[in-house]
Amino acid sequence: RAEQFLYGDHPLGKDTLGLEDTVLNFRRAHFLTFWQKLYHSGNCALIVAGQISETRIRELAANLFPEVESAPPGRQPIKLETPTANELTINREIEQVHLLLAQLTPKASAPEAKHLSLFQTMISGGMSFPLFQEVRDKRGLGYSVRAAMEAWSDGGDFSIYVGTDPKRYREAITVAHEVIAQAKTDQSLLDRAKTVTLGRLALTFESTAQIISSAAQDVALLGKPRGYDEIEQEIMAIEIGDIRHAVETYLAPEKMKTIM
């Protein structure tokens with residue numbers, strides 16, 4: 001329901017499993033049409049990691065995939081529309097409020113998406129970061145609290161989740177906004193977030209499988225793969241002014257949507 005509320009009729013707002021009605025009515029022809037539309041060379045990338053030359057890769061590809069023909073991409077970008085409503089409430093007989101503060105953000109290739117991704121680590125990089133400290137440790141507003149940043153080819157979203165007492169959810173909203181406001185100009189938090197992010201990146205590039213996975217995601221979202229050095233340079237080039245601009249543009253209190 002949260003994705004549907006944020007993304008509306010865009011494919012990102014649809015449940016990937018489908019609805020009961022659509023699943024029951026799927027036929028072989030539907031799968032074949034979907035496969036023919038999207039599963040072709042125009043939408044595929046061959047990604048290889050290891051000690052091998054580009055020439056050898058091309059030779060292997062020509063032998064292993066002799067019948068593959070070039071084709072134009074089967075999917076075009078779809079514009080995201082910001083929801084007009086500011087709040088969605090789903091009433092259920094449970095003892096806790098599942099609170100989500102969220103807002104649409106730019107596509108993955110936009111600089112602001114990278115700035116907001118780093119800001120997510122600035123406030124929610126672990127238990128010693130502000131969101132956990134202020135919401136859970138200092139005020140006891142909830143056990144589970146976290147921020148998330150999703151970035152896709154057409155757009156994405158930034159969100160803060162808190163599982164809290166129904167009597168204190170408004171306080172949780174206020175504290176979350178305070179954390180955002182205070183962190184957006186905190187240089188020391190930015191430095192810590194860079195250290196954490198680069199540490200995680202280094203671990204990613206220790207695994208061949210993770211290298212391939214990261215490259216595949218970059219190809220899908222950015223159009224090309226990136227190496228460790230390129231990603232490191234992008235991260236280190238982000239300044240506190242970039243963070244502040246992105247936060248004020250997308251995460252101002254009046255722009256955030258409330259989903260409960």
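None of the values given here were measured: they were computed from a predicted structure. Along the sequence shown, residues are numbered consecutively beginning with 1. Scope of the values below: all heavy atoms of this structure, side chains included, with no hydrogens, waters or symmetry mates.
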| field | Distance-minimising heavy-atom pair for V162 and A172 | value | CG1-CB, 4.4 Å
| said: Quick check on R244: does its CZ atom have over 12 non-hydrogen neighbours (other residues, nucleotides or ligands) under 6.0 Å away? | reply: no
| task | Please check if M260 and F5 belong to a single hydrophobic cluster, counting links between Ile, Leu, Val, Met, Phe, Trp and Tyr side chain heavy atoms closer than 4.5 Å. | result | no
| task | Please lay out, stage by stage, how L60 and I57 fare under the test side chain to side chain contact (heavy atoms under 4.5 Å, CB included). | result | CA-CA 5 Å; L60 290 172; I57 293 172; 5.7 Å; no
| query | Quick one: does K255's side chain get under 4.5 Å of Y250's, heavy atoms only? | reply | no
| request: Could you tell me whether the side chain of T164 and the main chain of Y169 form a donor-acceptor pair under 3.5 Å? | output: no
| message | Around atom CZ of F205, are there more than 12 heavy atoms from other residues, nucleotides or ligands closer than 6.0 Å? | response | yes
| remark: d(E3 CD, H10 NE2) to nearest 0.5 Å is 13.0 Å
| message | For the OH atom on Y39, are there more than 12 heavy atoms of other groups (residues, nucleotides or ligands in this structure) within a distance under 6.0 Å? | response | no
| Around E20, counting heavy atoms of other residues, nucleotides and ligands shown, do more than 12 lie under 6.0 Å from its CD? | no
| query | Just how far is it from atom CG of L118 to atom CD1 of I243, taken to the nearest 0.5 Å? | reply | 4.5 Å
| query | Can L12 and I78 be said to form a side chain to side chain contact (heavy atoms under 4.5 Å, CB included), step by step? | reply | CA-CA 10 Å; L12 288 171; I78 301 174; over 6 Å; no
| task | Flag the pair H177 / L101 as yes when at least one side-chain heavy-atom distance between them is below 4.5 Å, and no otherwise. | result | yes
| Taking C-beta and beyond as the side chain, do T204 and Y228 meet within less than 4.5 Å on heavy atoms? | no
| query | Taking all atoms of both residues into account, what is the closest heavy-atom pair of P225 and D218, and its distance? | reply | CA-CB, 3.8 Å
| Nearest heavy-atom pair of A220 and S153: which atoms, and what distance? | O-CB, 4.4 Å
| Approximate separation, where rounding is to 0.5 Å, of S124 OG and M149 CE | 13.5 Å
| message | Within a 6.0 Å radius of atom CD on E54, are there more than 12 heavy atoms belonging to other residues, nucleotides or ligands? | response | no
| request: Report yes if the side chains of T55 and R58 come closer than 4.5 Å at any heavy-atom pair, otherwise no. | output: no
| In terms of hydrophobic clusters joined by side-chain contacts under 4.5 Å, are F158 and Y7 together? | no
| task | Flag the pair L189 / P130 as yes when at least one side-chain heavy-atom distance between them is below 4.5 Å, and no otherwise. | result | yes
| Going hydrophobic residue to hydrophobic residue with side-chain gaps under 4.5 angstrom, can you get from V145 over to V196? | yes
| Taking atom CZ of R226 and atom CD of E234, what is their separation to the nearest 0.5 Å? | 4.5 Å
| task | Could you tell me whether a side-chain N or O of E150 sits under 3.5 Å from a main-chain N or O of D157, the two making a donor and an acceptor? | result | no
| task | Mind listing the closest non-hydrogen atom pair of V23 and L17 along with its distance? | result | CG2-O, 3.3 Å
| field | For the student: nearest non-hydrogen atoms of P166 and Q96, plus distance | value | CD-CA, 4.4 Å
| request: Report the distance from atom CG of N91 to atom CD of E93, rounding to the nearest 0.5 Å. | output: 10.0 Å
| Would V135 and F132 show up in the same hydrophobic cluster when neighbours are defined by side-chain heavy atoms closer than 4.5 Å? | yes
| Under a 4.5 Å cut-off applied to non-hydrogen side-chain atoms, are Y161 and R146 in contact? | yes
| task | Provide the closest heavy-atom pair for I160 versus L131 in the form atom of the first, atom of the second, distance. | result | CG2-CD2, 3.9 Å
| request: Please check if atom CD in E254 has more than 12 non-hydrogen atoms from other residues, nucleotides or ligands closer than 6.0 Å. | output: yes
| query | So D229 and E232, side chain to side chain contact (heavy atoms under 4.5 Å, CB included) or not? Walk me through it. | reply | CA-CA 5 Å; D229 291 342; E232 180 186 29; 4.2 Å; yes
| task | Mark yes when over 12 heavy atoms from residues, nucleotides or ligands other than Q217 sit less than 6.0 Å from its CD; otherwise mark no. | result | no
| For Y143, is the NZ or CZ atom of R136 found under 6.0 angstrom from the centre of its six-membered ring and inside 45 degrees of the ring axis? | yes
| query | With distance as the sole criterion, is a donor-acceptor pair present between the side chains of D191 and Q187 under 3.5 Å? | reply | yes
| query | Would you find more than 12 non-hydrogen atoms of other residues, nucleotides or ligands less than 6.0 Å from K107 atom NZ? | reply | no
| query | Does the side chain of I235 reach to within under 4.5 Å of the side chain of I231, using non-hydrogen atoms? | reply | yes
| Could you walk me through whether M122 and L190 pass the side chain to side chain contact (heavy atoms under 4.5 Å, CB included) check? | CA-CA 6 Å; M122 287 175 64; L190 175 58; 4.0 Å; yes
| query | Are I47 and L64 connected, step by step, through hydrophobic side chains (Ile, Leu, Val, Met, Phe, Trp, Tyr) whose heavy atoms are closer than 4.5 Å? | reply | no
| request: Taking the side chain as every heavy atom from C-beta outward, state whether E239 and D242 have any pair of such atoms under 4.5 Å apart. | output: yes
| field | Separation of L100 CG from L88 CG (nearest 0.5 Å) | value | 10.0 Å
